[in-house]
There are 2 protein chains.
Amino acid sequence: MRTTEYTRDNMVDLLRQHGINPTHQRIEIAHALFSHYGHLCADQVMAITNAKHSETSKATVYNTLNLFLEKKMIREVIVDPSKVFYDPNTYPHHHFYNTATGELTDIDVEDIGLTGLPQLPPGLVTEGVDIIVRVRPSP
Amino acid sequence: MRTTEYTRDNMVDLLRQHGINPTHQRIEIAHALFSHYGHLCADQVMAITNAKHSETSKATVYNTLNLFLEKKMIREVIVDPSKVFYDPNTYPHHHFYNTATGELTDIDVEDIGLTGLPQLPPGLVTEGVDIIVRVRPSP
DNA sequence: CCAAGGGATTGGACTATGTCTAATTCTTCG
DNA sequence: CGAAGAATTAGACATAGTCCAATCCCTTGG
Ligand SMILES: [Mn+2]
Ligand SMILES: [Mn+2]
Ligand SMILES: [Zn+2]
Ligand SMILES: [Zn+2]
């Protein structure tokens, strides 16, 4: 449960906390992701940041999203073979994916119990566990 | 545990069992998927079916993979934003995904216990649950 | 204040996966 | 055989994402 206000000033702090130099475009992109608080894909981020009148290029949108990922300020959700979703919620959680509408909904990890994962072969380490529940409108 | 031999004749039966007219190209593609018994992507399927000397076009590879999916003879695994993997194992199961090598490994669903999934909103029905454990070589 | 340097941004070319279409070929069956 | 329908095909097309060299911008030190 988040109560923070997603002002541009707070975005600056957030960027700094992740070791990211807060430039104008980065602040706008962070603001788009966090104020919208949902699961956006790159073209939606681009549309939102360019909605008013400022210009942010496609290259910068992708550069920035990949930088945010690298610095773990956001995470990606891979459920659709044709595009990546970017998720401002980096707290571990899972997803419902509505295959008819493309809508993603969070599932709190507290609720979930997952047991019986096999031992990893030696030399491997777990990066994360993604649970995706694919849903669609009943017929 | 599968013990079937993946001969072309058996592929013909398998295609018929799924209501698919067994043509030369479809038999070859099914054979590639099932004899390799792994998780292949479209370009690998195409490379394998065209390895000897016969010709199967890119359009046919995609047509056929999508037909197999539709008829539920195979399933798709979405873990990499840049390509789909096709899985001849349609028995419910989950996956390890090695993000360094791109390798997918099955996790038997018998082993797994999953509890606490929230109730679905009315009007929605579950299509499937995918658990992906992303792993990488230890540092 | 200016100039230099490094980081950030940019347009546009490029790549890769996947789709579409219209023409062709193959199969089935009377 | 000949017609009809199904399957295959080459190649154009769509689209997400990457790459690159040129430019821009911001900091800093003289
Ligand atoms: Mn991608
Ligand atoms: Mn498998
Ligand atoms: Zn989420
Ligand atoms: Zn599998």
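Lettering follows sequence order; numbering is per chain, from 1.
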ask   = Rounded to the nearest Å, what distance is computed from the CG atom of residue A/Leu69 to the C1' atom of nucleotide D/dA16?
value =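 Atom CG in A/Leu69 sits about 15 Å away from atom C1' in D/dA16.
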
request  = Give the rounded distance in Å between these two atoms: CD of A/Glu55 and P of D/dC25.
outcome  = 13 Å

inquiry  = According to side-chain hydrogen bond (donor to acceptor under 3.5 Å, both in side chains), who are the partners of B/Arg16, at least two apart in sequence or on a separate chain?
reply    = none

task = Could you tell me which residues satisfy side-chain hydrogen bond (donor to acceptor under 3.5 Å, both in side chains) with B/Tyr97, sequence neighbours excluded, listed by chain and number?
result =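 If we apply the side-chain hydrogen bond (donor to acceptor under 3.5 Å, both in side chains) test to B/Tyr97, skipping adjacent residues, the hits are B/Asp80.
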
request  = Please collect all salt bridge (charged side-chain N to carboxylate O under 4.0 Å, His left out) contacts where either partner lies in residues 20-42 of chain A, sequence neighbours excluded, each pair once.
outcome  = A/Arg8-A/Glu28

ask   = Which ones in residues 8-20 of chain A lie close to DNA chain D, meaning a heavy atom under 4.0 Å from one of its atoms?
value =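 Of all residues in residues 8-20 of chain A, none places a heavy atom under 4.0 Å from DNA chain D.
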
Sorted by number, the residues of residues 24-31 of chain B with heavy-atom contact under 4.0 Å to DNA chain D = B/Gln25, B/Arg26

Applying side-chain contact (heavy atoms from CB on, under 4.5 Å), can you list everything that pairs with [X], at least two apart in sequence or on another chain?
| X | value |
| --- | --- |
| B/Gln17 | B/Asp13, B/Leu14 |
| B/Ser35 | B/Tyr6, B/His31 |
| A/Thr56 | A/Gln25, A/Ile29, A/Thr49, A/Asn50, A/Ser54, A/Thr60, A/Val61 |

request  = Look at the side-chain N and O atoms of A/Ser57 and state whether any lies under 4.0 Å from the OP1 or OP2 oxygen of C/dT9.
outcome  =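 Checking A/Ser57 against C/dT9: no side-chain N or O falls below 4.0 Å of OP1 or OP2.
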
message = I'd like to know if the side chain of B/Asn98 and the backbone of B/Glu103 have a donor-acceptor N/O pair within less than 3.5 Å.
response = no

Under 4.0 Å protein heavy-atom contacts per nucleotide of nucleotides 13-30 of chain C, with B for base, S for backbone only and - for none = B---SBBB----------

Give every donor-acceptor pair under 3.5 Å between a side-chain atom in residues 124-138 of chain B and any protein atom, sequence neighbours left out.
{"residue": "B/Glu127", "atom": "OE2", "partner": "A/Thr99", "partner atom": "OG1", "Å": "3.2"}
{"residue": "B/Glu127", "atom": "OE2", "partner": "A/Arg136", "partner atom": "NE", "Å": "2.9"}
{"residue": "B/Asp130", "atom": "OD2", "partner": "A/Arg134", "partner atom": "NE", "Å": "2.9"}
{"residue": "B/Asp130", "atom": "OD2", "partner": "A/Arg134", "partner atom": "NH2", "Å": "3.3"}
{"residue": "B/Arg134", "atom": "NE", "partner": "A/Asp130", "partner atom": "OD2", "Å": "2.9"}
{"residue": "B/Arg134", "atom": "NH1", "partner": "B/Val79", "partner atom": "O", "Å": "3.3"}
{"residue": "B/Arg134", "atom": "NH2", "partner": "A/Asp130", "partner atom": "OD2", "Å": "3.3"}
{"residue": "B/Arg136", "atom": "NE", "partner": "A/Glu127", "partner atom": "OE2", "Å": "2.8"}
{"residue": "B/Ser138", "atom": "OG", "partner": "A/Gly123", "partner atom": "O", "Å": "2.9"}

key: Side-chain hydrophobic cluster, 4.5 Å single linkage: members besides B/Val109   =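 B/Val109 shares its hydrophobic cluster with B/Tyr91.
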
key: Listed partners of B/Glu76 passing salt bridge (Lys or Arg N to Asp or Glu O under 4.0 Å), at least two apart   = none

